[in-house]
Enquirer: 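Structure in structure tokens, see below.
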Amino acid sequence: MAEKQTYSQTITLGHLYPDQLNLYGDRGNILTLRRRCQLRGIELRVVGLGVGDALAPDEYDMLFIGGGQDKEQAPVAQDLYDSKGIGIWAAVEDDMPVLAVCGGFQLLAHYYRPAEGPDMRGLGVFDAWTEHKGPQTTRCIGDIALRWNNQTLVGFENHGGRTYLGTAKPLGKVLKGFGNNAEDQTEGAIYRNAYGTYLHGSLLPKNPHFADHLIALALQRKYGQEQTLEQVAPLVLNGANHAQAVLEKSSSYIEPTQAELPPLLIPLDDTLEWEAHASILERLGLHSEAAKALRTHKG
Ligand code: GLN
């Protein structure tokens with residue numbers, strides 16, 4: 001008989017508009033978060049938040065909002081502002097990790113001006129705005145790679161809107177692809193622990209380091225700095241010895257300051273994930289980046 005898994009910690013994820021905003025497998029981001037948590041003895045509870053549902057920030061540890069076409073975005077834009085805006089603002093100011101992809105990213109900035117029809121008012125979490133320059137404007141479509149935290153992020157983008165950053169920091173610098181507006185090489189936006197990006201793909205299955213970054217932020221915020229390797233159930237493929245070996249290997253690196261130190265997560269066997277990541281880099285002609293990613297993350 002299969003044993004029921006016991007969990008040492010729980011992360012509750014609020015998934016905004018799972019039925020309306022789910023382009024190009026955005027839901028795969030949630031499957032990745034759940035699996036990576038489960039392998040470490042952490043439960044990921046997912047609560048869907050649809051039109052009309054209020055968002056009480058105290059009930060969540062992380063938020064996710066995916067992308068959608070203009071016709072799917074318009075009906076949720078008003079609801080986002082009316083039913084969830086204050087809750088999202090409170091969550092963001094309280095350092096909750098938030099991932100917003102494409103249409104969701106646009107609605108977390110000041111506004112989205114579609115090619116046709118009225119502006120959609122956004123929440124202004126990101127000091128940025130998005131305009132679609134008209135039906136004749138070419139869409140930004142294709143694989144994309146960017147520099148993030150001295151590493152790469154890869155994904156697939158498809159958007160008509162061009163996003164311009166005010167004071168918001170970009171998520172990364174475009175290496176290949178269009179990014180926010182196909183002009184300034186910026187991609188996405190960051191405010192506190194809220195991340196906006198155009199990367200579908202899905203994003204997290206091909207970027208396990210970014211998935212872990214979000215998980216680590218959620219754990220740190222909920223359980224504080226006491227989160228250590230020993231406190232996490234060692235339900236990882238290669239076991240705690242591998243985790244220890246990775247720690248020892250990395251001990252020569254310059255330690256980040258305490259404030260930016262995320263809780264340690266047991267490393268997982270991400271061979272497949274990094275092969276998928278590197279194959280996108282290869283396809284984009286970024287051969288040395290692909291080799292570097294494989295070298296850095298070799299199990
Ligand atoms: N409707 C937006 C645009 O085309 C967002 C598209 C998306 O979420 N992929 O700009």
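Every number for a ligand or one of its atoms is a count from 1 in the order of the listing.
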Enquirer: Excluding sequence neighbours, so at least two apart, what forms side-chain hydrogen bond (donor to acceptor under 3.5 Å, both in side chains) with T163?
Expert: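 With sequence neighbours excluded, T163 shows a side-chain hydrogen bond (donor to acceptor under 3.5 Å, both in side chains) to T130, Y198, given in chain and number order.
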
Enquirer: Could you tell me whether ligand 1 has any atom less than 4.0 Å away from a heavy atom of R139?
Expert: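 Yes, that is the case, since the closest heavy atom of the residue is under 4.0 Å from the ligand.
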
Enquirer: Does a side-chain N-to-carboxylate-O contact under 4.0 Å join D53 and K84?
Expert: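 No, this pair does not count.
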
Enquirer: In plain terms, say whether R40 and D212 are close enough for a salt bridge, that is, a side-chain N and a carboxylate O under 4.0 Å apart.
Expert: yes

Enquirer: Assess whether a salt bridge exists between K173 and E187, defined as any Lys/Arg side-chain N lying under 4.0 Å from an Asp/Glu carboxylate O.
Expert: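 Result for this pair is no, no salt bridge flagged.
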
Enquirer: Can you name the atoms of ligand 1, numbered from 1 with element, that are less than 4.0 Å from a heavy atom of Q73?
Expert: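 Once the distances to Q73 are compared, the set is 1 (N), 2 (C), 5 (C).
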
Enquirer: Is R36 salt-bridged to D270, going by a charged N under 4.0 Å from an acidic O?
Expert: yes

Enquirer: Distance to 0.1 Å, residue and atom name: give those for the protein heavy atom nearest to atom 1 (N) of ligand 1.
Expert: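 Residue, atom and distance for the closest contact: D70 OD1, 2.4 Å.
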
Enquirer: Can you sort out which atoms of ligand 1 are near N158, meaning under 4.0 Å from one of its heavy atoms?
Expert: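 Here the atoms of ligand 1 in question are 6 (C), 7 (C), 9 (N).
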
Enquirer: Does H200 have a heavy atom less than 4.0 Å from any atom of ligand 1?
Expert: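 Under 4.0 Å: yes for H200.
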
Enquirer: Run the numbers for me: atoms of ligand 1, each under 4.0 Å from some heavy atom of L23, listed by number.
Expert: 7 (C), 8 (O), 9 (N)

Enquirer: As a check for students: among G67, G66, G68, identify the option with a heavy atom nearest to atom 6 (C) of ligand 1.
Expert: G68

Enquirer: Are any of the heavy atoms in Y112 under 4.0 Å away from ligand 1?
Expert: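 It does, in that a heavy atom of Y112 comes within the 4.0 Å cut-off of ligand 1.
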
Enquirer: Looking only at distances, can you tell me whether any N or O atom of Q69, backbone or side chain, sits closer than 3.5 Å to an N or O atom of ligand 1?
Expert: no

Enquirer: Identify which of P114, C102, G160, G161 has a heavy atom lying nearest to atom 8 (O) of ligand 1.
Expert: C102

Enquirer: Taking only Lys NZ, Arg NE, NH1 and NH2, and the carboxylate oxygens of Asp or Glu, determine whether R162 and E183 approach each other closer than 4.0 Å.
Expert: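 No salt bridge links R162 with E183.
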
Enquirer: For H132, is the nearest heavy atom under 4.0 Å from an atom of ligand 1?
Expert: no

Enquirer: How many angstroms lie between atom CD of Q20 and atom CG of L80, to the nearest 0.5 angstrom?
Expert: 11.0 Å

Enquirer: What class does the angle between the rings of H277 and W274 fall in, given that below 30° is parallel, 30 to 60° is tilted and above 60° is perpendicular?
Expert: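 Ring orientation, 0 to 90° scale: tilted.
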
